[in-house]
Amino acid sequence: MSGVTAGVATALLRNVTEAALTATVMAAAAVLAGIVSVFVPKDVTLAHRRRAAVAGLTVVSVLLVVMWVIIAWSYIGNASSSSQNAVGWAAFLGGIAAATVLLAVVVARHLHWPAGPVLTVGALYVFGAAVLGLLVLAATVLRTTARPIITTTTKTVDDTTVSLSATVTAAGLSTWDRYEITVELLDKETDPTFVGTRFRTHAGPDGLGDLRYTFSIELPRHGSGKWVGISARLGPENPSNIPVANKCGHAGLPKQGITCTLVRLP
């Protein structure tokens, strides 16, 4: 169990550092609060420290809301397969955040409750929310941030033509996941001024969630294109707008869900 937990935590920190750290810190703070609650006298109520109780409820509520916002943002940026899917998940997580605020308001109106049990239950709630956040990240983000593998071979056909063969492999895909595979001619390795698209297609997984797509194309040996960029981008088919940072050879690569291989033509 500890090995699996460590593996998930490591993967989350690698892919969604801010969200994973936020949830982990909140879980650790909840554990400390639970320990402190054991030492609170039974006759002490929240009304004894009214200002501190209200301030504490406000801070915890704000931190939990921020945690869910960061988690929702990480999900939308890394794992959402469509705009409808992203809106639905954001609304669901927003509902959890709203419920947190509502519970804080209820407690603030009942300051006569004993502080010890309230602190214990609150610590359990915060810890559960943090663990739920990590589960959401593990179940959504980790599945789609693994990069595909691109292998290539080149062969000179004649004085003017080079044959390029490439294979794109990936695993753990859902039925609706698609990789956009693109081959572009570039005039230089980084920040090219000339980009000529020579091949583009979309490929999906088989029944086991694995992708293996092989293709071959012929390219000119002479001209503006000295480099070839083969990229595989996880996303919807025929996107209306592909950011410049997603294109092979431009500064900013690699991004999550995108793999790019650069090959110099012989």
Side-chain angles (χ1 to χ4, degrees), residues 1-2 4-6 8-9 11-13 15-144:
M1 179 63 72
S2 60
V4 173
T5 303
V8 171
L12 285 174
L13 289 173
N15 291 283
V16 283
T17 306
E18 296 83 359
L21 281 177
T22 303
T24 302
V25 170
M26 291 299 294
V31 171
L32 292 176
I35 294 175
V36 171
S37 67
V38 177
F39 301 97
V40 177
K42 295 182 179 180
D43 58 342
V44 175
T45 65
L46 296 176
H48 285 84
R49 296 288 187 272
R50 181 180 298 272
R51 291 184 178 179
V54 173
L57 289 171
T58 302
V59 170
V60 171
S61 300
V62 170
L63 290 177
L64 283 176
V65 170
V66 170
M67 181 190 76
W68 284 117
V69 169
I70 294 175
I71 290 174
W73 187 266
S74 298
Y75 171 81
I76 292 173
N78 294 279
S80 59
S81 56
S82 65
S83 58
Q84 295 86 350
N85 182 281
V87 171
W89 259 103
F92 173 71
L93 298 180
I96 296 178
T100 300
V101 175
L102 180 61
L103 288 174
V105 172
V106 170
V107 175
R109 292 184 176 182
H110 295 81
L111 295 180
H112 61 279
W113 288 350
V118 171
L119 190 57
T120 301
V121 174
L124 290 174
Y125 180 85
V126 174
F127 182 81
V131 172
L132 178 60
L134 290 174
L135 289 176
V136 169
L137 294 173
T140 56
V141 174
L142 292 185
R143 179 183 57 79
T144 56

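- Scored by the ring-ring contact (aromatic ring centres under 6.0 Å, His included) test, His110 finds His112, Trp113 as partners (sequence neighbours excluded).
- A side-chain contact (heavy atoms from CB on, under 4.5 Å) with Val36 is found for exactly one of Val31, Leu119, Thr120, namely Leu119.
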Would you mind writing out the side-chain donor-acceptor pairs for residues 100-108 within the sub-3.5 Å range, not counting sequence neighbours?
| residue | atom | partner | partner atom | Å |
| --- | --- | --- | --- | --- |
| Thr100 | OG1 | Ile96 | O | 3.1 |
| Thr100 | OG1 | Tyr125 | OH | 2.9 |

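- Here the straight-line distance linking atom CG of Leu57 with atom CZ of Arg109 works out to 13.0 Å at 0.5 Å rounding.
- Listed here is the closest heavy atom pair of Ala53 and Leu111: CB-CD2, 4.3 Å.
- Closest of all the heavy-atom pairs between Ala30 and Phe127 is CB-N, 3.4 Å.
- Exactly one residue among Leu64, Val131, Val66 makes a side-chain contact (heavy atoms from CB on, under 4.5 Å) with Met26. That residue is Leu64.
- Of all heavy-atom pairs spanning Ala23 and Ala130, the tightest one is O-CB, 3.2 Å.
- Residues Ile71 and Leu93 share a closest heavy-atom pair of CG2-CD1, 4.2 Å.
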